[in-house]
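All remarks here apply to the structure that follows.
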Amino acid sequence: MDIRPSDRVDAIGSYAFADVDNIVADLKTQGIEPIDFGVGDPTLQTPAHIRKACAMGIEKRKSSGYPSYIGEPEYREKVAWWSKRRFGIDLDPETEVMSTIGSKEAIFNFPEAFINPGDYALALNPGYPAWSRGTHFAEGKTYFLNLLPENHFLPDLASVPADVVKRSKILWINYPNNPTTAFPTKTFYREVLEFCERHNIIVASDESYTENYYDTRPLSILELKKEGVIVFQSLSKRSNMTCYRVGWAAGDQRIISGFKKVKPNIDSGTATFIQDAAIAALDDETHVEKLREDYRAKRDIMVDAFTAIGAPNCEPEGTIYIWQRVPEEYSSVDFAKTLLQKEVAVVTTPGSWLSREAHGVNPGEGFIRLALVPALEKVHEAARRIKRLTI
Ligand SMILES: Cc1ncc(COP(=O)(O)O)c(C=O)c1O
């Protein structure tokens, strides 16, 4: 029997982190324990009160059956309450909010609701793979918008060719941005909203990192406008809940209602006891503040280590990453490899792996990304080892 993958699956490359995993595994076979800043997966515990709410939810819902496709009313109400408190925005929990199984699933599946074969989505490059992969699986095409330091890592919307704009249905944006750590501004969001309204394009704003900031609280685009906008939120990074798989989509009820038609065909909703945990997470800001302080300490240690060896200061304002510009004579991969040599054994992700060549450049070239996820002692150790490097 000849078993072949579909053309769609065949067309996608390997997931970048599979390559990182291989390098880490290789170091381990040499008896070296690398300090892993590769994947953005927090290693600290999920706060105890959230875990407890989950455990209690399992008991409370011992005969609850399938969850609601769009989330339990109390979860959607809590999301609306939190959104009002955090961003000052009004959301109708009935029509403008739905639960998701983390933002990844929702981002991947969303294009099914609005993309016809041959339609375009516009997406940031570098960027989260699910924006373009979801479009690919919906038989659409992605036009990549390069994020360059000279544009403060904001896309140049005016550079999109008119024929692509005409066939575009979705613009994916993501600020605070993974991996560049760039922040949104009101001016930028106004420009996005004006562009998308003029060209009838849905704004899909991946806001997974709005709670990971150091000093200035980032905006949600919903603070400026709801019409034509959908926002994807997540508790993964806010509350160390990556393993829970919970988030939500919110915005224009016409867009939400389109997405609601897709989701029941794919899954059966977010587990109810996970929603109980998410409610407990949203009810509390203290743990979020503590996590912020932990990231701040790690950021400061690593920024200091890189500047000490003469690399540029790339101190981020938020996210859980550092988008470190590599020293001049290095490529992204060369510098990541230098950090991987036995004496240092620090795993980072070359920026060129997180982006693709588009319009003649790979905008991630010249950078490495560090996810500030190892425990604080390990971050100190990584900094000590980096400081011994001569570059
Ligand atoms: C920009 C961005 N969007 C979405 C996600 C998915 O997060 P989750 O599915 O855990 O909510 C991530 C995860 O790293 C991300 O970096």
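For ligands, and for the atoms within them, numbers begin at 1 and follow the listed sequence.
- Applying the salt bridge (Lys or Arg N to Asp or Glu O under 4.0 Å) criterion to Lys387, with sequence neighbours excluded, gives Asp304.
- Exactly one residue among Gln233, Glu211, Glu285 makes a side-chain hydrogen bond (donor to acceptor under 3.5 Å, both in side chains) with Arg238. That residue is Glu285.
- Geometric assessment of Arg299 against the ring of Tyr214 yields a positive cation-pi assignment under the 6.0 Å and 45° thresholds.
- Taking Asp283 as the reference, Lys78 meet the side-chain hydrogen bond (donor to acceptor under 3.5 Å, both in side chains) condition, with sequence neighbours excluded.
- Considering Lys290, Arg292, Lys298 in turn, Lys298 is the only one that fulfils the side-chain hydrogen bond (donor to acceptor under 3.5 Å, both in side chains) rule with Asp294.
- With sequence neighbours left out, Ser208 forms a side-chain hydrogen bond (donor to acceptor under 3.5 Å, both in side chains) with Ser103, Asp206.
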Any protein N or O within less than 3.5 Å of an N or O in ligand 1? List each pair with its distance, or say none.
{"from": "ligand 1", "atom 1": "3 (N)", "to": "Asp206", "atom 2": "OD1", "distance (Å)": "3.4"}
{"from": "ligand 1", "atom 1": "3 (N)", "to": "Asp206", "atom 2": "OD2", "distance (Å)": "2.5"}
{"from": "ligand 1", "atom 1": "3 (N)", "to": "Ser208", "atom 2": "OG", "distance (Å)": "3.3"}
{"from": "ligand 1", "atom 1": "7 (O)", "to": "Ser103", "atom 2": "OG", "distance (Å)": "3.3"}
{"from": "ligand 1", "atom 1": "9 (O)", "to": "Ser103", "atom 2": "N", "distance (Å)": "3.2"}
{"from": "ligand 1", "atom 1": "9 (O)", "to": "Lys104", "atom 2": "N", "distance (Å)": "2.9"}
{"from": "ligand 1", "atom 1": "9 (O)", "to": "Arg245", "atom 2": "NH2", "distance (Å)": "2.6"}
{"from": "ligand 1", "atom 1": "10 (O)", "to": "Ser236", "atom 2": "OG", "distance (Å)": "2.6"}
{"from": "ligand 1", "atom 1": "10 (O)", "to": "Arg245", "atom 2": "NH1", "distance (Å)": "3.0"}
{"from": "ligand 1", "atom 1": "11 (O)", "to": "Ser103", "atom 2": "N", "distance (Å)": "2.8"}
{"from": "ligand 1", "atom 1": "11 (O)", "to": "Ser103", "atom 2": "OG", "distance (Å)": "2.8"}
{"from": "ligand 1", "atom 1": "11 (O)", "to": "Ser234", "atom 2": "OG", "distance (Å)": "2.6"}
{"from": "ligand 1", "atom 1": "11 (O)", "to": "Ser236", "atom 2": "OG", "distance (Å)": "3.4"}
{"from": "ligand 1", "atom 1": "14 (O)", "to": "Tyr209", "atom 2": "OH", "distance (Å)": "3.3"}
{"from": "ligand 1", "atom 1": "14 (O)", "to": "Lys237", "atom 2": "NZ", "distance (Å)": "2.8"}
{"from": "ligand 1", "atom 1": "16 (O)", "to": "Asn178", "atom 2": "ND2", "distance (Å)": "2.7"}
{"from": "ligand 1", "atom 1": "16 (O)", "to": "Tyr209", "atom 2": "OH", "distance (Å)": "2.7"}

